[in-house]
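A short write-up of the structure that comes next.
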Amino acid sequence: QVQLVESGGGLVQAGGSLRLSCAASISIFSMNTMGWYRQAPGKQRELVAGITRDGSTNYEDSVKGRFTISRDNAKKTVTLQMNSLKPEDTAVYYCYADRGIVTRYWGKGTLVTVSS
């Protein structure tokens, strides 16, 4: 059973920064894509950023230029550096990991609250 544990969420003022980390319980060398989704109150879960095994990244349009995703296979972690945070970034952030094309693992989420 693969476990993903997120950390780094919290309360921050608009314009501030947070760094989210996702630690995997097993090696992530075999994971194709890892990344982050978020879900704001009353809204659907949306993809924020993803990173492939070879380091290719993709971002949701509203976070481009503000968020940076990185992956450290040796440390079994995926990190999301979030800068210039806005109140609309407030959400629960979930880490995910894809093994192959049919298996996706999820973390339990970490809450990010950005005050105006």
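Any value given below was found using the heavy atoms of this structure, including those in side chains, with hydrogens, waters and symmetry copies removed.
Side-chain atoms of Q81 and S17, non-hydrogen and from C-beta on, do get closer than 4.5 Å to each other. Contact of the M34 side chain with the I28 side chain is registered, since non-hydrogen atoms from C-beta on lie closer than 4.5 Å. Considering only heavy atoms from C-beta on, R19 comes within 4.5 Å of T79 through its side chain. Using a 4.5 Å heavy-atom threshold, the side chains of V48 and Y59 count as separate. Between K108 and L4 the shortest side-chain heavy-atom distance does not fall below 4.5 Å. Residues R99 and R104 form no side-chain contact, since every pair of their non-hydrogen atoms from C-beta on lies 4.5 Å or further apart. The side-chain heavy atoms of L85 and L18, taken from C-beta on, include a pair separated by under 4.5 Å. No side-chain heavy atom of Y93 sits less than 4.5 Å from a side-chain heavy atom of Q39.
Taking both residues in full, the closest heavy atoms of L80 and A49 are given as CD1-CB, 4.1 Å, listed atom of the first, atom of the second, then distance. The shortest non-hydrogen separation linking P87 to A14 is CD-CB, 4.1 Å. Residues L11 and S115 share a closest heavy-atom pair of CD1-CB, 4.3 Å.
Side-chain N or O atoms of S25 include one that pairs as donor or acceptor with a backbone N or O of Q3 at under 3.5 Å. Judged purely by atom type and a 3.5 angstrom limit, T110 uses its side chain to pair as donor or acceptor with the backbone of G9.
Residues in residues 32-41 take part in these salt bridge (Lys or Arg N to Asp or Glu O under 4.0 Å) pairs, two or more places apart or across chains: R38-E46, R38-E60, R38-D89.
Interatomic distance, CG of N58 versus OG1 of T52, reported as 8.5 Å (0.5 Å rounding). Atom CG of L20 sits about 12.5 Å away from atom OG1 of T77, to the nearest 0.5 Å.
Less than 6.0 angstrom separates the ring centroid of Y96 from the ring centroid of Y37.
Under a hydrophobic-cluster definition in which Ile, Leu, Val, Met, Phe, Trp and Tyr are linked whenever side-chain heavy atoms come within less than 4.5 Å, directly or via other members, M82 and L111 are assigned to different clusters. Transitive grouping of hydrophobic side chains (ILVMFWY, heavy atoms separated by less than 4.5 Å) brings Y105 and W36 into a common cluster.
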message = Test side-chain contact (heavy atoms from CB on, under 4.5 Å) on T33 and R53; report intermediate values, then the result.
response = CA-CA 6 Å; T33 302; R53 188 160 45 193; over 6 Å; no
inquiry  = Run the side-chain contact (heavy atoms from CB on, under 4.5 Å) test on K76 and I26 for me, step by step, so that the C-alpha distance in whole Å, both residues' side-chain angles and the decisive distance to 0.1 Å come before the verdict.
reply    = CA-CA 7 Å; K76 302 183 293 183; I26 65 168; 5.7 Å; no
request  = Give the intermediate values and the outcome of side-chain contact (heavy atoms from CB on, under 4.5 Å) for residues W106 and E6.
outcome  = CA-CA 10 Å; W106 290 99; E6 302 98 335; over 6 Å; no
Steps toward side-chain contact (heavy atoms from CB on, under 4.5 Å) verdict (F67, N83) = CA-CA 6 Å; F67 291 9; N83 298 327; over 6 Å; no
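For the side chain to side chain contact (heavy atoms under 4.5 Å, CB included) test with V78, the passing option among D72, N73, I69 is I69; the others fail.
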